[in-house]
Undergrad: 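Before anything else, here's the structure in question.
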Amino acid sequence: MLKAFGQVLFSTGYQSPKFTNEESKGQDYEVRTYHATNWVSTCVKEMEQEAAINTGFRRLFAYIQGNNSMKAKVEMTSPVTCRVDPGPGPACESTFTISFYIPEEHQAEPPPPSDPEVFIENRKEFTAYVRTYGGFSNPQMRREELLKLLESLQRDEVPFKEHPYYTVGYDSPFKLINRKNEVWILQKEQA
């Protein structure tokens, strides 16, 4: 537990999902194709993303601490992703799917979760447009960065899906400098 807690505090040495950089039309975003991988995930319906992330993170942290059918400790990984499926209106709950990448040693057979609200998600290969930004992310920053990415994609006339989108964090809340955050918009498959 101390090792996992230390990794959360200092965010060093995390495993991350593998991806391939693709050619981008713009210099203000990247295009990445993520390989098919397993993630441990939980869905939270909520009005506010911060509350959803806190609830989801606690569930997933319990999983990596051994709240799974094998009682296995699972290494912390990076990033923590939050898939946002917006509600139908401004005063409606959205569905937030918070996820941890499952480390390589558990990819083939992830320990089944004990919590019924936690599940193993097999993400098929996907391509995302990625905008990276620093600092302590908050709802306003995420919204601004998402809008900047949308403007860039419209400018470059590339095919994308407006929903869902992802907000992504790489660092523990205790890391003070050189923080890394991202927003992802999925590429629309062309017919």
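Predicted, not measured: the structure shown is a model, and the values here were computed from it. Values below: every heavy atom of this structure, side chains too, minus hydrogens, waters and symmetry copies.
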Undergrad: How close do P111 and Y63 get, counting heavy atoms only, and between which atoms?
TA: O-OH, 2.5 Å
Undergrad: Might you confirm whether atom CD of E104 has over 12 heavy atoms from other residues, nucleotides or ligands at distances under 6.0 Å?
TA: yes
Undergrad: Considering residues, nucleotides and ligands other than E48, do more than 12 of their heavy atoms fall under 6.0 Å from its CD?
TA: no
Undergrad: For R142 and T167, what are the C-alpha separation, side-chain angles and deciding distance, and is it a side-chain hydrogen bond (donor to acceptor under 3.5 Å, both in side chains)?
TA: CA-CA 7 Å; R142 284 191 287 268; T167 63; 4.5 Å; no
Undergrad: Might you point out which heavy atoms bring G56 and V44 nearest each other, and give the distance in Å?
TA: N-CG2, 4.1 Å
Undergrad: If you look at every heavy atom in W39 and P79, which pair is closest and at what distance?
TA: CZ3-O, 3.9 Å
Undergrad: So do the side chains of L150 and F160 get within less than 4.5 Å of each other, counting heavy atoms only?
TA: yes
Undergrad: For T33 and T127, test the side chains for any donor-to-acceptor distance below 3.5 angstrom and give the result as yes or no.
TA: yes
Undergrad: Enter the distance from R131:CZ to Y129:OH here, rounded to the nearest 0.5 Å.
TA: 15.5 Å
Undergrad: Which heavy atom in G135 sits nearest to a heavy atom in N181, and how many Å separate them?
TA: O-ND2, 2.8 Å
Undergrad: Output all residues satisfying side-chain contact (heavy atoms from CB on, under 4.5 Å) with T132, sequence neighbours left out; order by chain, then residue number.
TA: E30, R32, V130, K180, E182
Undergrad: Can you label the angle between the F126 ring and the W184 ring as parallel, tilted or perpendicular, going by 30° and 60°?
TA: tilted
Undergrad: Keeping the roles fixed (side chain from N38, backbone from Q107), state whether a donor-acceptor pair exists under 3.5 Å.
TA: yes
Undergrad: Would you mind reporting whether Y101 and T81 have side-chain heavy atoms less than 4.5 Å apart?
TA: no
Undergrad: Report the distance from atom CD of Q49 to atom CD1 of I98, rounding to the nearest 0.5 Å.
TA: 8.0 Å
Undergrad: Does any donor atom in the side chain of S41 or R83 lie under 3.5 Å from an acceptor atom in the other side chain?
TA: no
Undergrad: If I compare all heavy atoms of P139 with all of E50, which pair ends up nearest, and what's the gap?
TA: CD-OE2, 3.7 Å
Undergrad: At their closest point, which heavy atom of I64 faces which heavy atom of M76, and how far apart are they?
TA: CD1-SD, 3.6 Å
Undergrad: Can you say whether the rings of F57 and F61 are parallel (under 30°), tilted (30 to 60°) or perpendicular (over 60°)?
TA: parallel
Undergrad: Using a cut-off of 6.0 Å, state whether more than 12 heavy atoms not belonging to Q154 lie near its atom CD.
TA: yes
